[in-house]
Protein chains: 2
Amino acid sequence: MDRKIATIQDVARAAGVSAATVSRTLSRPAVVAEATREAVLSAIAQTGYRVNATASNLRRQRTGTVIVLLPNIANPFFSQILAGLSSILTPARYGMLIADTKSGPDPQDRLADYLASGQADGLVVLDGTISPATLEMPSRPPAVAVCEWTQSAMPSVRVENDRGAALAVAHLAELGHRRIGHVAGPPANVLTRARLEGYRRALEMHGLPVRDDWVLEGDFTMASGAAAAEVWLAMAERPTALFLSSDEMAVGFIGAVQRAGFRVPRDVSIVGFDNIEIAQHLSPPLTTIRQPRTRLGIRAAEILLSMIESGTRDERSEVIEVELILRGSSGPPPAGTR
Amino acid sequence: MDRKIATIQDVARAAGVSAATVSRTLSRPAVVAEATREAVLSAIAQTGYRVNATASNLRRQRTGTVIVLLPNIANPFFSQILAGLSSILTPARYGMLIADTKSGPDPQDRLADYLASGQADGLVVLDGTISPATLEMPSRPPAVAVCEWTQSAMPSVRVENDRGAALAVAHLAELGHRRIGHVAGPPANVLTRARLEGYRRALEMHGLPVRDDWVLEGDFTMASGAAAAEVWLAMAERPTALFLSSDEMAVGFIGAVQRAGFRVPRDVSIVGFDNIEIAQHLSPPLTTIRQPRTRLGIRAAEILLSMIESGTRDERSEVIEVELILRGSSGPPPAGTR
DNA sequence: CGCTTGCCTGCAAACGATTACATCATCGCC
DNA sequence: GGCGATGATGTAATCGTTTGCAGGCAAGCG
């Protein structure tokens, strides 16, 4: 009988027990007698039975699915977090439903749909721009945010963005730079604000000039890094070093200034943020702030799972450490600029 | 009553009709009387009813979910395809269940689980190394592969890998190169074979030497590209140009030879494959073969959907065109090497 | 020997939707 | 006026599991 999938009834019949006993054998083996258990297990093996998750979920009022909200799947930054999430959720037999908040019609509505219809046991929010109101549904499942999130009381996992920025600035200051610029992320993003703040405070702490015209606006993409390079090239008084809020922007920036005939770090020092894989393969390799994205995903998944399984709303948030990775894109400032 | 989610029964009661009528109003509005329909719709709005997908799926013997098998979520190459898939599947109200075939215990078994328990209405295979046997389950749902796939009769969407390789070689040959090497992908991967074959045939067609020691083995990663560079650097008689089977490997290769003091394309010309975003931001920008990854995902999703909805096994495969993108990493060979 | 106590197991009722079939009213037509 | 056709709605079975409850049986105890 290869045609149809065996049901719990088929197994029960084969083992000469009731469906209830089969179910118990699977969920709480301890309560069924040894002999029965063996009979059931062999019947399962023989019939090739697999529990039908849909039926099980319906009965148990759960879904076995976690929704992951992100603004853009194609961004490698998020995919690393996804990998971390997956490494925890998959073994725990939870599926991940990826919801691209930017694609498709009416994403807000679709989201509400998912949440309200109990489509998911949990929610991971990677999109820093989702309106918190959307998430305040009466019957929202446990959720965890992977970014700072001030408005909502949702537990979160995040990195020390301000400290990362401070590390970058401190490193450049120690090298002797006194004119340190910054390329920020999109203004609406919470990460942007934290890193910008960290940058500003670190400059002050080192007694360095804080100049608004040395803070350029980007959007984390390579293209915006390249655009920032054009602005830098056109400046009358250029910073001798730049801290960029993402490695991707740093890649774009470095490529653009190199093509314009400048050398890194001889003419300008660069520090990125993220430590994406390519950072070490660039020439020069990129000095950056390591952000353990896989770990972010892992911790988020762990927190979410514990909330789901315990049924409690754990409000504990977690901050993950960052670290300066010293490579070749930062060096002493050009002579005569001190 | 914000506590619990309204069921179809609640709606029926509120509208003064039976549950069946509510269901019909939603699925086949034409068959219910105008007045009834309005009453039902207003009751739905009033109760905030959302159909419970789990129950619906159980009854209709479907899942509303498509499984996507991939070897590594964190790879930006795949995430672009995912974005394409998502842009079609999400509006069609199918969820994507991402299954990382490399993570977690016993991936093969987990996969079999998913398929056998009818967890999914469809399957997208992005992993070129999955054993076809695994996919030949008696009750496998419609599936589509996004790569060449010779063993199985599964429909597929793929790019002209051999032609891409030929384009790369032709370009280098036209520039005057006569010693053209190749860095291949992992041997088990079908893409590897197609590109390697295309490379070899193109060399022959141009009357150029085909030397096995000029074919290096990689695995598509930047690290393996850097490793290939070490091998190249140590060669007694070096190729003056290389075609690499992925842009990531090209990035690793270029970085490594640049750090060793070589210049691209002055000392060696490089052509990659994929046209990932970073290609244009490198210095020099990377000449490569464009592979429309988003479109691959879109077409795969469209084919899969049509198979699911029509219930037929559409065996049609589709080949998507590639294109040579001319940038700065390729140029004439060093003097005296012709 | 009778009664309590545990241990297993089966019965049957959910879970929430869909849909084949039955029912009933209405209408048109001869 | 009777009869079939048509259209709208309700009834109830069904999808495959899980689980509260109860029953049966054996052992232990007084």
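Lettering of chains follows the sequences in order, A, B, ..., and the numbering in each one begins at 1.
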Taking side-chain contact (heavy atoms from CB on, under 4.5 Å) as the definition, give me every residue that meets it alongside [X], ordered by chain and number, with sequence neighbours left out.
{"X": "B:Thr221", "answer": "B:Asp219, B:Ala223, B:Ser224"}
{"X": "B:Thr294", "answer": "B:Gln80, B:Ile298"}
{"X": "B:Leu304", "answer": "B:Val66, B:Val124, B:Pro142, B:Val144, B:Ile308"}

Test salt bridge (Lys or Arg N to Asp or Glu O under 4.0 Å) applied to [X] - qualifying residues, sequence neighbours left out:
{"X": "A:Glu321", "answer": "none"}
{"X": "B:Asp10", "answer": "B:Arg13"}
{"X": "A:Arg299", "answer": "A:Glu302, A:Glu318"}

Problem set entry | Results of side-chain hydrogen bond (donor to acceptor under 3.5 Å, both in side chains) for B:Glu309 - residues two or more places apart only | B:Tyr94

Problem set entry | Test side-chain hydrogen bond (donor to acceptor under 3.5 Å, both in side chains) applied to B:Ser56 - qualifying residues, sequence neighbours left out | B:Arg60

For this session: Compute the angle between the rotation axes at the two ends of the helix from C:dC1-D:dG30 to C:dC30-D:dG1, each taken over five pairs, rounded to 10 degrees.
Result: 60°

Distance-only criterion, 3.5 Å: show the donor-acceptor pairs between side-chain atoms of residues 14-31 of chain B and protein atoms not counting sequence neighbours.
residue, atom, partner, partner atom, Å
B:Ser18, OG, B:Ala20, N, 3.4
B:Ser18, OG, B:Thr21, N, 3.4
B:Ser18, OG, B:Thr21, OG1, 3.4
B:Thr25, OG1, B:Thr21, O, 2.6
B:Ser27, OG, B:Ser23, O, 3.0

Seminar exercise, completed: Under a 4.0 Å heavy-atom cutoff, the residues of residues 27-46 of chain A touching DNA chain D are none

For this session: Scan residues 11-19 of chain B against DNA chain D and write down, sorted by residue number, each residue with any heavy atom closer than 4.0 Å; if none is found, say none.
Result: B:Gly16, B:Val17, B:Ser18

